[in-house]
Amino acid sequence: MHTHELKRDKKVIMEWLRRLGVEFHTSFLIVNSEMEDQPVVYANDAFYKMIGYSEEETLGRNGRFLHGEKTAMEAKEQIRKCVDASKSGIVEIVNYRKNSTPFWNEITVQPLSFPEKDFKFTLMLQHDITDRKRAEALIKLQKETYTGIEKGYMLSALLQNICTTAESFFIDGAKCTVLLIDDTELYKIGAASSMPKGFQDAIDGTVVEEDIGTCGAAFHRQEAVIVDDMSTDYLWRNHQQLVKTYNLVSSWSIPIFNVEGSAIGTFGIYFPSPLTPHEKDLAFMEEVASIASLAIKYSRQHEEVLRLAYTDENTDLPNRNYFRTEITDLLKEGKEGFVAFLSTDEYVKVVDQYGHRAGDTILREIGKRLMLSQNLSDNLIARFSDSTLAMYSATPFTKIPDYLDHLLSGLVEPVKVGDMELFLTLKMGVAIVTPNQQDSEELIRCADSALSQAKLQTGEAICYFESEHDEFMMKDLRVANELTAALRRNEVGVHLQPKVDLATGEILSFEALARWTSPELGTIPPDVFIPAAEKNGKIRMLEQNVLKQVLQWMKKRTEQELKIRQVAINISADHFFHHSFVPYLMDMTAEYGIDPKWIQLEITERIGFVDIETANKVFRHLRHCGFTTSIDDFGTGYSSLSYLQKLPVEELKIDRSFISTMHEPGTLAIIRTIIQLAENLNMRAVAEGVETEQDRQTLLALGCKVGQGYFFYKPMPLNEAYLL
């Protein structure tokens, strides 16, 4: 068919579509599905009226020009797939009018094909369903508010959810606030997270005045107040700098009423451009305000019920019921921590002399000071009995002693009771919480038992509950406490274990291993003190200590013109990703005059779980500076093959767990695969834990050339390694 005939046929079809548009009162448009960008080729008047754009501004453009910040990517893709596949479908999507107002648009996609002419168009019926979506959102919001109240959510969270939902139906940059106003007629921020903090600080706690601010006017007039231009409106004369700083142009506000019809707050919306509400907008705001009123009413009722049920009326501290309930829930999170019972020797004497109110004063003051010293949301303090406070804290158990010292330091000042100032002698019983501990009553019993032991001691005392079950954990706790001092006293030494040529037994290099013998605790195995160092934030200090000793050993050999061999140093993930890691290595090797090529960094393969992209940058930086790298314990993780090829690593170490079970066919296949993998990636495979001649022969047969283990050398002190 000639080109002019094609154009004539398309013209006939377009005339037919235009006639269809006259008859069709529903908004619709037609896109040319044949063209790559699928432009709009026709739209009826109802569609132009709905979006506010003219025909000239619409035709020839892809429908994407109606999309914006609130348009979901999934909806866009769904429309695209329907058009590409010439399939019908119904999609709900947020589009934008010319005035930047978002609206919910239900689009019915219907392919139009003319096989005899080989033309393809797509008809898209358009329905503005914003009213329906607003109604659905209000129903959902009301349900979420009821549910949140029942679950005990904070009022601020409930009100913020209301604000966030309302913002989604207005122009981008709209900011909703709920301001609470009590009998003092001072503003209290109920919800305003999208508002800049500077604006919140300027409003919170100020007096509500009828002629100051949109919300103040709405509260006092008890009706909706609309400000089109805040930069010139009389209501905002005292806050022009605030308006200018945060680009606030127009604002609408309506009062929030309680069931008695009294205003208890305001619901306001602020916009970055001039905007006047339609009647539907104000009706929507009123519905939102009624839900806010519901949240305020029932949340306050719920708070009062909880206060009566879970508060000790004599001290205003949480009571025993609250503590038991909350600790049961917190234990389900599986965090390390402790439960502690605390009392004071002076309590009984004060009660005998001044009465129970004086005893209440002591506990109230202790509780207040403890709460000021804590900074975690999942900590608890409660009055458990007449003379005892109960505590829970999700503190890693290696840090518990320091944390308790910090808490008790806040109690050194005297407490005023009547006309005298009283210095308190505190007793504390502590039960350690492990991640698998779920029995709150057992923890409470243990903490109470430890407090009984503390009371038997003279002066201030902290006693930990200890049992056979807790023995290992308590040793770990003591290890963590001693480790810092041990590093300072140079108690942590370095042993070297050679890596050898499996064929000849020749020493090729060494691995540096930390060893600790404590005068107090005896010999501490590495699998105890290294995890303790990691948990206690001392692992960098430990590994830097090892590096320093290795460099000193190398420098001594260099000065005596002895042979230098490469030494591998194990590096933790925390240390590896620290910003000072590579600069510190460079500084230390320069200080001791050691070429970086003699230092190898061994990193566990689990490093890939942390941040593969950053890890790749660090590995490349190390190579650029002259250091070599090794992946330790290879094969024991889960993501090795997926990231190994991305990392510039020279060596793979086959974990000793595979070597020890090499007689099993499955394990043998794994070892063979790792060796071949290393060879294919131009890496060196090193077998750890070579214990027997049979191990050596098998590894050689599999193609592994380097190994280490007791068959060749045990780890040896630096002075022994010096002789090699």
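The model shown is predicted, which means the values in this text are computed figures rather than measured ones.
Put simply, CD1 on I569 and CD on Q549 are 10.0 Å apart, with the number rounded to the nearest 0.5 Å. Rounding to the nearest 0.5 Å places CZ of R540 at 12.0 Å from CG of L547. Rounding to the nearest 0.5 angstrom, the gap separating the CD1 atom in I524 from the CZ atom in F529 is 8.5 Å. For the atom pair NZ (K427) and OG1 (T344), the distance works out to 9.0 Å, reported to the nearest 0.5 Å. Atom OG1 of residue T395 and atom CG of residue L407 lie 8.0 Å apart, to the nearest 0.5 angstrom. Going from atom CG of N161 over to atom OG of S193 covers 10.5 Å, rounded to the nearest 0.5 Å.
A donor-acceptor contact shorter than 3.5 Å links the side chain of R383 to the backbone of D386. The closest donor-acceptor contact from the side chain of D655 to the backbone of F658 lies at 3.5 Å or more, if one exists at all. Not a single donor-acceptor pair under 3.5 Å links the side chain of T388 to the backbone N or O of S385. A donor-acceptor contact shorter than 3.5 Å is absent between the side chain of E688 and the backbone of G709. Here the side chain of S449 pairs no donor or acceptor atom with the backbone of R445 at under 3.5 angstrom. A side-chain donor-acceptor contact under 3.5 Å links T315 to the backbone of L317.
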side-chain contact (heavy atoms from CB on, under 4.5 Å) assessment of V649 paired with M683: CA-CA 7 Å; V649 178; M683 298 179 185; 4.2 Å; yes
Run the side-chain contact (heavy atoms from CB on, under 4.5 Å) test on V686 and L652 for me, step by step, so that the C-alpha distance in whole Å, both residues' side-chain angles and the decisive distance to 0.1 Å come before the verdict. CA-CA 6 Å; V686 178; L652 285 184; over 6 Å; no
With side-chain contact (heavy atoms from CB on, under 4.5 Å) as the test, would you mind laying out the steps for I432 and Y464 before giving the verdict? CA-CA 8 Å; I432 303 298; Y464 292 88; 3.9 Å; yes
Which is it for L426 and I462 under the side-chain contact (heavy atoms from CB on, under 4.5 Å) test, yes or no, and what are the steps along the way? CA-CA 8 Å; L426 297 165; I462 299 176; over 6 Å; no
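Taking each heavy atom of P498 and Q708 in turn, the nearest pair found is O-CB, 3.2 Å. Minimum interatomic distance between T629 and P648 (heavy atoms only, all atoms of both residues): OG1-O, 3.5 Å. Nearest approach of S660 to S657, heavy atoms of both residues: OG-O, 3.1 Å. The nearest pair of heavy atoms linking L363 to L389 is O-CD1, 3.9 Å. Between L496 and A721, the shortest heavy-atom distance links the atoms CD1-CB, 3.8 Å. Pairing each heavy atom of T361 with each of K416, the nearest pair is CG2-O, 4.0 Å.
Using a cut-off of 4.0 Å between Lys/Arg side-chain N and Asp/Glu carboxylate O, K368 and E365 are scored as salt-bridged. The residues R369 and E413 are annotated as not salt-bridged, no charged nitrogen and carboxylate oxygen being separated by less than 4.0 angstrom. Checked for salt-bridge contact, K499 and E651 meet the test: a charged N lies under 4.0 Å from a carboxylate O.
For the salt bridge (Lys or Arg N to Asp or Glu O under 4.0 Å) condition, the pairs that include at least one residue of residues 488-497, sequence neighbours left out, are E482-R489, R489-E491.
Separation of the W553 and Y592 ring centroids does not fall under the 6.0 Å cut-off. Aromatic ring centroids of F576 and F581 lie under 6.0 Å apart.
The environment of H578 atom NE2 is dense: over 12 non-hydrogen atoms of other residues, nucleotides or ligands sit within 6.0 angstrom. In the displayed structure, Y584 atom OH is contacted under 6.0 Å by more than 12 heavy atoms of other residues, nucleotides or ligands. Heavy-atom neighbours of Q200 CD from other residues, nucleotides or ligands within 6.0 Å: above the threshold of 12. Open room surrounds OH on Y153; 12 or fewer heavy atoms of other groups in view lie less than 6.0 Å from it.
In this model, no donor atom of one side chain and acceptor atom of the other lie less than 3.5 Å apart for S156 and Q160. If you check the side chains of E346 and T425, you find a donor sitting under 3.5 Å from an acceptor.
By the 4.5 Å heavy-atom criterion applied to side chains, D312 and D316 are not counted as neighbours. Residues I603 and F619 meet the side-chain proximity criterion, which asks for heavy atoms closer than 4.5 Å. For the pair I539/S572, a side-chain contact is recorded, criterion being any heavy-atom separation below 4.5 Å from C-beta on. The closest side-chain heavy-atom distance from L408 to E460 is below 4.5 Å. Proximity of Q544 to M588: side-chain heavy atoms (C-beta onward) are nowhere separated by under 4.5 Å. I599 places a side-chain heavy atom less than 4.5 Å from the side chain of L551. Using a 4.5 Å heavy-atom threshold, the side chains of L159 and I296 count as touching. Residues Q497 and Y710 form a side-chain contact, since some pair of their non-hydrogen atoms from C-beta on lies under 4.5 Å apart.
Below 30°, between 30° and 60°, or above 60°: for Y298 and Y146 the angle between ring planes is between 30° and 60°, a tilted geometry. Relative ring orientation between F323 and F384 is described as perpendicular, the plane-to-plane angle rising above 60° on a 0-90° scale split at 30° and 60°.
Across R623, E650, Q566, a single residue satisfies side-chain hydrogen bond (donor to acceptor under 3.5 Å, both in side chains) together with T628, and that is Q566.
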